[in-house]
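Read through the structure below, which is laid out as structure tokens, and then see the notes.
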Number of protein chains: 2
Amino acid sequence: MVNEKTELRKKVAILKGLAHPVRLSIVEALADSEMCVCDIVEMFDFDRTTISKHLSLMKEIGILSDKKDGLKVYYSLRIRCLPSMLSCIEKVIEGNDPETVFIMECCGK
Amino acid sequence: MVNEKTELRKKVAILKGLAHPVRLSIVEALADSEMCVCDIVEMFDFDRTTISKHLSLMKEIGILSDKKDGLKVYYSLRIRCLPSMLSCIEKVIEGNDPETVFIMECCGK
DNA sequence: AATCTATGTGGTAATATTACCACATAGATG
DNA sequence: CATCTATGTGGTAATATTACCACATAGATT
């Protein structure tokens, strides 16, 4: 049995880990395949070290895992259900007419 | 077609809205049924106005909707798939042995 | 071994988030 | 209508997050 408080803290940590435009974009990019830091850095206009810190953070939280190969480090999703989880939110957003920001139904199950 | 940047911002906003222990607890409590502010406040040791601000924030983001009835205000989930979305994260956490903080598989699909 | 390449870390200034207090208000009740 | 009850808002101090710079390191290349 998992401690309630601890479980809540872990869930919040994961959500916080996803709640940043750079980090969420990385997670989405990793949905299909792993990428090296060099390629991930290319995606953004931010400093290389900024991206590196976002990756370290997500690794520490448990969202990503890394794998070294020569000079390069490859990151991949450690929580595989994330893309489908996020697609729930996407459907909510995409389903909107421009006026209403969010609708009430999604996932259609 | 939804603007990519805007969509990302909205997704991040929702995730941020969930990424706080008080707010996530509220969302979980609202999974089953709506609640008035007075009852939600009872759940926590924080100041009443702190809870009120968390509710306002989630309403603004679109996570919650409210409904007035006399003096009381009832909040409910506006994004209904949230509980099942969060259960994905829960399974990841619960599936752990105490040593490993996160596992790689979840949702069992 | 000197150098280069890919990546990571410590420090820090700028910015955002959070929690509480003081105060405001709408609707019920005496 | 005076008051009470449930709720919300503005302001602010404490804290957390973020992005960059300077620097460090491991492994490849010359």
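Only this structure's heavy atoms are used, side chains among them; waters, hydrogens and symmetry mates stay out. Lettering follows sequence order; numbering is per chain, from 1.
For D:dG8, the OP1/OP2 oxygens have a side-chain nitrogen or oxygen of B:S52 closer than 4.0 Å. In terms of phosphate contacts, A:R48 brings no side-chain nitrogen or oxygen within less than 4.0 Å of OP1 or OP2 of C:dG8. Taking side-chain N and O atoms only, A:H54 has no distance below 4.0 Å to OP1 or OP2 of C:dG8. Under 4.0 angstrom from either OP1 or OP2 of C:dA16 there lies no side-chain N or O belonging to B:H20. Neither OP1 nor OP2 of C:dT7 sits under 4.0 Å from any side-chain N or O of A:Y74. For A:K16 and D:dT17, the shortest distance from a side-chain N or O to OP1 or OP2 is below 4.0 Å.
Salt-bridge formation is detected for the pair B:K11/A:E28: a Lys NZ or Arg NE/NH1/NH2 atom is positioned less than 4.0 Å from an Asp or Glu carboxylate oxygen. Under the 4.0 Å criterion applied to side-chain N and carboxylate O atoms, A:K53 and A:E60 are not assigned as salt-bridge partners.
The closest side-chain heavy-atom distance from A:M35 to A:L30 is below 4.5 Å. Counting heavy atoms from C-beta outward, A:L24 and A:L86 have side chains that approach closer than 4.5 Å.
Rounded to an integer number of Å, the gap from B:D69 CG to C:dA26 C1' is 14 Å. Between A:L64 atom CG and C:dG8 atom P there is a gap of 11 Å when expressed in whole angstrom units. The nearest whole Å value for the distance from the CG atom in A:L15 to the P atom in D:dT17 is 14 Å. Rounded to an integer number of Å, the gap from CG of A:D39 to P of C:dA6 is 10 Å. For the pair B:M35 CE and D:dA6 P, the interatomic distance rounds to 15 Å; values are reported in whole Å. When the P atom of C:dG8 is taken as reference, atom CG of A:L57 falls 13 Å away, rounded to whole Å. When rounded to the nearest whole Å, the span between CG of A:L71 and C1' of C:dT3 equals 12 Å. Going from atom CG of B:D66 over to atom C1' of C:dG27 covers 16 Å, rounded to whole Å.
Side-chain atoms of B:K53 and base atoms of D:dG11 include a donor and an acceptor less than 3.5 Å apart.
Distances were taken from every side-chain heavy atom of A:K72 (C-beta onward) to each of D:dT7, C:dA6, D:dC20; the shortest belongs to C:dA6. Minimum atom distance to the side chain of B:V37 is reached by D:dG8, of the listed D:dA26, C:dA28, D:dG8. Out of C:dT7, C:dA19, D:dT7, the shortest distance to the side chain of B:T50 is found at C:dA19. Checking D:dC21, C:dC21, C:dT5 against the side-chain heavy atoms of A:D47 singles out D:dC21 as nearest.
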Evaluate side-chain contact (heavy atoms from CB on, under 4.5 Å) for A:C36 paired with A:Y75, printing each intermediate quantity in order.
-> CA-CA 6 Å; A:C36 68; A:Y75 279 88; over 6 Å; no
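Contact between A:R78 and A:G62 at its shortest, heavy atoms only, is CB-O, 3.3 Å.
A:Y75 comes within contact range of the sugar-phosphate backbone alone, with a heavy-atom separation under 4.0 Å but no base atom that close. The residue B:K59 sits apart from the nucleic acid: no heavy atom pair falls under 4.0 Å.
In a base pair of the Watson-Crick type (N1 to N3 plus N6-O4 or O6-N4) or a G-U wobble (N1-O2 and O6-N3), with each distance short of 3.5 Å, C:dT15 is matched with D:dA16. Across the strands present, D:dA22 finds its partner in C:dT9; the criterion is a Watson-Crick or G-U wobble pair with both atom distances under 3.5 angstrom.
Nearest-nucleotide assignment on DNA chain D puts the 5′-proximal partner with A:T49, out of A:K68 and A:T49.
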